[in-house]
2 protein chains.
Amino acid sequence: MTETIKKVNKKEAILKAALQLFSQRSFYGTTMPDISTLADVGAGTIYRYFTSKEALVNALFFRIMTEFDQRLESDFPNGMDTRIQFHHLFQSLWGYVVDNTQAFVFINLHDEGKYLDERSHASFDKLWNFITTIIDKGQQRGDVVDLDPKSIVSLVYGPLIPISKLLINHKYTASKDFVYALEEATWRAVSSK
Amino acid sequence: MTETIKKVNKKEAILKAALQLFSQRSFYGTTMPDISTLADVGAGTIYRYFTSKEALVNALFFRIMTEFDQRLESDFPNGMDTRIQFHHLFQSLWGYVVDNTQAFVFINLHDEGKYLDERSHASFDKLWNFITTIIDKGQQRGDVVDLDPKSIVSLVYGPLIPISKLLINHKYTASKDFVYALEEATWRAVSSK
DNA sequence: AAAAAAGGAACGATCATTCATTCATTTATT
DNA sequence: AATAAATGAATGAATGATCGTTCCTTTTTT
């Protein structure tokens with residue numbers, strides 16, 4: 001199975017290099033030779049795994065969004081009350097950004113790119129819709145303030161964008177206590193009480 | 001003075017076109033021919049006003065950050081209490097984003113670009129530092145929750161990033177009442193009480 | 001030995017930028 | 001006032017560099 005392992009290694013090396021460069025320099029600011037050099041593969045090898053630069057960015061975007069969404073949706077406390085659900089949402093959101101800062105920067109740098117295909121857009125919408133649904137149910141129970149769900153999702157998700165830039169530049173450290181204090185502050189904004 | 005007027009018009013046409021294209025397609029995704037076509041000037045004309053593509057993006061970034069900062073700092077209620085200062089901050093922040101959505105998208109798409117010079121970085125830091133100072137003083141008075149100022153600034157500034165993307169796509173309308181309700185929600189997060 | 005994978009030189013396209021030239025306006029000369 | 005000379009803003013074809021991609025060759029695997 002050396003063959004398969006190598007194949008996987010090459011493909012993963014390309015995706016890893018692409019993530020690093022796209023998150024630092026953006027899609028158009030990154031060249032295929034840049035990626036092949038960092039991945040330590042020949043320029044032509046990339047095209048054995050991805051039909052084009054666009055196909056590569058879409059494969060990466062879709063994979064990252066799917067992993068992100070799974071992290072939010074897995075172990076979600078479906079039966080529990082709103083505050084507990086919010087706790088799970090907030091902590092898994094912050095947990096993902098702390099553990100995958102580069103991926104989160106990549107997402108927010110590219111989510112409006114015209115090179116993204118339908119599948120990529122759908123994967124982004126899936127995560128956004130999941131958060132919206134949680135907020136929506138909280139509102140139906142009367143636990144979440146009666147505001148446009150889009151605003152509330154932005155209130156929860158938005159702060160992570162500047163935070164992820166600080167994390168990348170090592171100008172921020174997200175300790176457990178820290179994140180919990182921010183959860184409480186955000187809950188104060190979102191709660192109906 | 002026809003000459004001067006024409007000069008100003010060309011320069012402004014170039015900056016206007018550059019803002020539109022950079023905010024839609026990013027710096028590297030926009031070509032100089034793209035800009036000259038949209039501005040309705042010859043390709044070489046851009047180089048009469050800006051020495052390079054980098055000089056153009058820096059001129060634009062600096063101008064936009066300076067205008068944004070002036071909007072926040074002008075008429076700021078320096079003597080007043082924290083809640084009133086927060087009201088002014090929040091409303092001028094949202095007011096700017098609603099009136100200059102394209103500019104705000106441009107800022108957040110390019111603020112980490114390696115093509116930005118020292119002057120551009122300083123203009124970004126100036127705005128960020130202004131907000132930080134307001135939060136800091138509120139904390140000293142005991143009115144603002146005792147959290148890292150960077151987190152609090154992100155809590156106030158961050159939500160505007162997804163909101164600006166929704167505004168660009170005409171999927172969000174920011175009415176007066178709406179923004180005021182969000183101000184109150186955000187104040188609940190930020191307030192020490 | 002045959003087949004698959006990998007490599008990288010080479011290709012046409014397109015990039016940022018340059019520069020010789022045009023042309024409208026101002027200044028100088030009569 | 002009329003005309004000629006000078007100016008400099010504007011242009012866009014041309015340039016060298018670099019892009020994404022291809023394809024022939026070499027290496028590795030079976």
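Chain identifiers are assigned alphabetically (A, B, ...) following the order of the sequence lines, protein sequences preceding nucleic acid strands; residue numbering begins at 1 within each chain.
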How many Å lie between CD1 on A:I35 and C1' on C:dG7, as a whole number? 17 Å
Regarding the side chain of B:V41, the nearest nucleotide among D:dT21, D:dT11, D:dA10 is D:dT11
Return yes when atom CG of B:D146 has more than 12 non-hydrogen atoms of other residues, nucleotides or ligands closer than 6.0 Å, and no otherwise. no
Whole-Å gap separating P (C:dC15) and CE (B:M32): 12 Å
Here's a test of your reading of the structure: between B:I46 and A:A43, which maps to the more 5' nucleotide of DNA chain D? B:I46
Send over the distance from B:Y28 OH to C:dA16 C1', rounded to a whole Å. 13 Å
Report which part of the nucleic acid A:T45 touches: base, sugar-phosphate, or nothing (heavy-atom distance under 4.0 Å, all strands). base
Do B:R119 and B:M65 have side chains that approach each other closer than 4.5 Å (heavy atoms only, starting at C-beta)? no
Grab the CZ-C1' distance between B:R48 and D:dT7 for me, whole Å please. 11 Å
What contact category does A:T30 fall into here, base, sugar-phosphate, or nothing, at under 4.0 angstrom with non-hydrogen atoms? sugar-phosphate
Using a cut-off of strictly less than 4.0 Å, decide whether B:K53 has a side-chain nitrogen or oxygen near OP1 or OP2 of C:dC15. no
Is A:S52 touching bases, backbone alone, or none of the nucleic acid, heavy atoms closer than 4.0 Å? sugar-phosphate
Using a 4.5 Å cut-off on heavy atoms from C-beta on, say whether the side chain of A:F61 contacts that of A:D117. no
Rounded to the nearest 0.5 Å, what's the gap from CG on A:D148 to OG1 on A:T132? Could you check? 9.0 Å
Rounded distance in Å - NZ (B:K10) to C1' (C:dA24): 12 Å
Nearest-Å distance, CG (A:N9) to P (D:dT28)? 16 Å
Report the distance from atom OH of B:Y47 to atom P of C:dA20, rounded to the nearest whole Å. 17 Å
d(CG, A:D34; P, D:dC19) in whole Å: 7 Å
Do B:K53 and B:F27 meet the cation-pi criteria used here (NZ or CZ under 6.0 Å from the six-membered ring centre, within 45° of the axis)? yes
A:P33, nearest nucleotide to its side chain (from D:dG20, D:dA10, D:dT21): D:dG20
